[in-house]
Amino acid sequence: MLDRYEPVIGLEIHAELLTHSKMFCGCRVVDSVEAAPNTAVCPVCLGMPGMLPVINRRAVEFAMRVALALNCEIQNHNIFARKNYFYPDLPKGYQISQYELPIGRHGWLDIALSDGTTKRIGIRRVHMEEDTGKLTHRDEGSLVDYNRSGVPLLEIVTEPDIRSGEEARAYATRIRQTLRYLGVNSGDMEKGVLRIEPNISIRPRGSEAFGTRIELKNLNSFRALADGTDFELDRQAAVLDGGGKVIQETRGWHDTRRETFSQRAKEEAEDYRYFAEPDLPPLFIDPAWIQTMRATLPELPQAKEARYRIDFGLSPVEATALADDRAVAEWFDAAIGAGGKPKSLANWILNDLFRLLNERGLTISDVPLAPAALVELQSLVDRGTINLTTAREVLAEMLESGRDPTTIIEAGGLGQISDEAALIAIVDQVITDNPGPLTNYLGGKESLLGWFVGQVMRATRGQANPALVNEIARRRLEEKRDTAGS
Amino acid sequence: MDIISLTLTELREALRRGETTSVAATQAMLDRIVALDNSLLSYLTITEEMALEQATAADQRRAAGEDTPLLGVPIALKDIICLSGAPTTAGSKILEGFNPPYNAFVVDRLLEAGAVILGKTNTDEFAMGSSTENSAYVTTRNPWDIERVPGGSSGGSAAAVAAGLAYGALGTDTGGSVRQPASFCGVVGIRPTYGRVSRWGVVAFASSLDQVGSFGRTAADVAAQLSVIAGHDPRDSTSLNIPVPDYEAALTGDIRGLRIGVPREYFVEGIEPDVEAAVRVAIDDLAALGAEIVEISLPHTQYGLPVYYLIASAEASANLARYDGTRFGPRAKGADMIDTVRQTRALFGPEVKRRIMLGAYALSAGYYDEYYGRALKVRTLIKEDFRRVFESVDVIAAPTSPATAFRVGERIDDPLNMYLADIFTLPLNLSASCGLSVPCGLDRQGLPIGLQLIGDTLQEARILNVAHTYEQARPRDRRLPAVPAGATG
Amino acid sequence: MSLSRDEVLKIAGLARLALSEEEVARFSDQLSAVLDYVARLDELDLRGIEPSVHAVARTNVMRDDVVMPSLSPTDALFNAAATSENQFLIQSILEE
């Protein structure tokens, strides 16, 4: 279809903010899936008569941080508006939101595509609002739980710059990662704290006018986002190819049937009758406040990836993997700070450490492993105090106990044997005990050197310095040849 | 001592001197309510048990040597102010049976000050009206003539104070709903500067205009209550965080040298001759007391009413969207969820529906700029009128209402004519001014006339002192109006 | 400016108000009269005039992110017309 039609996709992302209390009242922000219904509600978030909102400062600051991370211009003059519509999960009959003057505008986010290129997606607006309650359905009727009502919500809207399911996925993944980096959202799509809704349309190649767009909902994973978007593009192309017209509607994604289905036709644009919220004075964000917030921004994933590639010479795959999670990246940075060598550390983390963590179902934050301890382990290997096999065992032990590698090695007698005299004695013993292989070796089968080394390693339970054993064994075996020849 | 005839501040003195008790005063009020309120219909709920408990507690505190600003003083609340432990209806069927699990900020302040809450007084539904005829429950009667309305929307509070059924009362003033009934009932009523008193726990009509005020038989009574309820509340983002003066201490009885402006726009179209005459005499009295009278102009006065109706209705259309029968209030039975909400909201009375409709229309796509947006701009001009005038005068004096109390039923089917009763009170609600109404005589039918005194932002003390000084110079007949006992249909 | 029956019904829909036929007719007349009256604002030249949303100018009023006690579910649900499973019960909303 891509030869005939151009996909035009914009994404709306709703992200709950991880504040302690709600946007406009002191109720605790709870896990709306786990918490017992209506246990985190008060007269304000139930919309009872005479109740008034007061803005949560941290929610504003979280919103500013997100807007800054997405390269937005921060609005100086912020006003909240009432968005009027009726739905049982909306207790006041209006949602307090931002309309004309959102906190962030004109931003962008770069995404990496699988072909190695980078694409810039425009961010039209970032605005603050409050979440609604939650409905569940029973035979007797529908139930309303307002625990989620009034939880601070950020809406992030792109320009219609996205052209495929893959791009949609790459963008959404990057947004989720950024929100997690900023510590403002857990990124848990299953629990609905991050909700992604694409607007999807296609238009004939070369056409300027936008086609009729549909809004896609029920996407609870990135895979659903990519597949749902692609399905929808194909469906719309087929409709147009068949001479039909795409109708403006909301469609849902069926996760098991892997297809979209019509949910609700939009008869006409809803009339939300926005007007400035008279209960809330305007919010002026001055440059000093912006500067303070900018200073709290962590190094963002894109910057970390670039630094790992350019400064440390890591591969794009390594850089991306290390930067994926902020805790891992900061752990890695701390290890570098402790004198670790980047390439080798990356290997240790991405291979050994991740394997050990995965086996245990843990994250880096769960284990008592200090970055400096891994650096120490790395240098013990480099100095030949222990070999790699031992080092892996030591790392597992470090993960469990939090003890430093030197202590573990000393306590367990795991130090590498590099004492030449001791090793010569062991090598000689192995040669003496194995006259057959010796004869074969001397007869020209020099590949048996490795076999002798292996025997020595076994005899030392792997603690012998393999390079040294190799050298000694070769020397002693050759000396036998000289003896035999004389 | 006739305990009924005491003013609030006189009762407070009597309590302080041990000449009477709070229980005696409270019981006297409750007995009088039983005797007279069947004809007056000023209360919707009488919190007798709570009142006597509070009175007993107040007497015990007094006996223990305590004293607080309103210790033991019985007061009434407009039934739009939430009181935990009693229903709050806002005069509407849609809140029938609603029991708020919270007190309004002003109620907490009253209770901390030791006041006794007698009950909840009648109001036009959601404070939308000028006569209490829009109450879904009863129409309160004017104590001076029970064939007439007490004004509104805080008509229950005004009538109760006027008839001696409470020593003081709170009301709300969105477009004149304290001052206009105060004028009609011959009592003093103040509308403080927006933000002076917290709106927390006060059922919202129009958020940018609503403000709680107090009623009393004298300016001092009003001042005593305002001193208690004014002040910052962090739960109301529009509440002003500015210290509250001692309003009673400001009642010096001296207004010499004060510049009082008389706006020519308040003495035109439709003002009753008796009203104009009485107000002019009162202004002469103020001059005699040493004030300097200057003619002023508030050129956008005539636009106040349309601006007010557009803004108040727009805000109300959103504020009243929460009444859907889901979380509180009765629920009608409709064909489906949406129809149930529509049928439930049909419980609103005609005036409320009218304003919701007007507000929704004024905000709707294609009409916002023409109506609501335009009204906001004219509001700027009206604010500017007041700002400019207060550069050269200290207080504005004008009639509170162009007419005295009208007959029950006279204007109910003519919304525009009803709205005109507020034409002199509502402009200041659009601005950052404060105002009060103080009685300034009777018309030829024996009905009270109100003098409106308007002050600049947070100048409540100044206008209270003008009212007080005027009262001292022209003492009123202390007799309460003779309310006939018996039931009113 | 006069409001047609359809316009009245449309606004009633926005405001979720069930109106009787009699109310539709009456509101059409009364609202038309009010709109005629407010049309006097058209006389004013409002170019360059800023709108006023608030009576008194306050700015940047915020609270700290501190958790305050919530209501008990009993108090939260006390005033509701119908409840079930500690939730507010309403007529079925068709699953979308």
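All chains are named by letter (A, B, ...) in the order of the sequence lines, taking the proteins before the strands, and each is independently numbered beginning at 1.
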In A:N147, A:L135, A:T136, the residue satisfying side chain to side chain contact (heavy atoms under 4.5 Å, CB included) with C:Q87 is A:T136
Residue pairs passing the ring pair (Phe, Tyr, Trp, His ring centres under 6.0 Å) test with at least one member in residues 34-61 of chain A, sequence neighbours excluded, are none
Under 4.5 Å to a heavy atom of chain A? For C:A15 that would be backbone
Nearest heavy-atom approach of C:A76 to A:M48 is O-CE, 4.2 Å
inquiry  = A quick test of your reading: do over 12 heavy atoms of other residues, nucleotides or ligands sit less than 6.0 Å from CZ of A:F86?
reply    = yes
**Study point:** More than 12 heavy atoms from other groups under 6.0 Å of CD on C:E43
**Key:** yes
A:S142 and C:S92 have their tightest heavy-atom pair at OG-CA, 3.5 Å
Max heavy-atom pairs within cutoff under 4.5 Å with chain C, candidates A:S262, A:P43, A:C45, A:G133, goes to A:P43
By residue number, those in residues 278-288 of chain A with heavy atoms under 4.5 Å from heavy atoms of chain C are A:P278, A:L280, A:P281, A:P282, A:L283, A:F284
message = Can you confirm whether A:R235 is buried at CZ, in the sense that more than 12 heavy atoms of other residues, nucleotides or ligands lie under 6.0 Å from that atom?
response = yes
Bottom line for A:R138: the part with an atom under 4.5 Å from chain C's heavy atoms is both
Q: Kindly indicate, with the supporting measurements, whether the criterion side chain to side chain contact (heavy atoms under 4.5 Å, CB included) is fulfilled by C:L71 and A:L46.
A: CA-CA 10 Å; C:L71 288 176; A:L46 288 173; 4.1 Å; yes
Residue pairs meeting side chain to side chain donor-acceptor pair (under 3.5 Å), one or both in residues 59-68 of chain C, sequence neighbours left out, come to A:S21-C:R63, A:S21-C:D65, A:N56-C:D65, A:R58-C:D65
For C:A81, the side-chain contact (heavy atoms from CB on, under 4.5 Å) test, sequence neighbours excluded, returns B:R331
Requested in this report: For A:Y99, look at atom OH and say whether over 12 heavy atoms of other residues, nucleotides or ligands are found less than 6.0 Å away.
Outcome: no
Could you tell me if the side chain of A:E140 sits less than 4.5 Å from the side chain of C:E85, heavy atoms only? yes
Whatever's closer than 4.5 Å to a heavy atom in chain C on A:Y146 counts as side chain
Nearest heavy-atom contact between C:P73 and A:T39 is CG-CG2, 3.9 Å
Cut-off 4.5 Å, heavy atoms of chain A, and the answer for C:V61 is both
Taken to the nearest 0.5 Å, the spacing of C:D75 CG from A:N38 CG works out to 12.0 Å
For A:P88 and C:I93, the nearest pair of non-hydrogen atoms, with its separation, is CG-CD1, 3.5 Å
message = Can you confirm whether C:D45 is buried at CG, in the sense that more than 12 heavy atoms of other residues, nucleotides or ligands lie under 6.0 Å from that atom?
response = yes
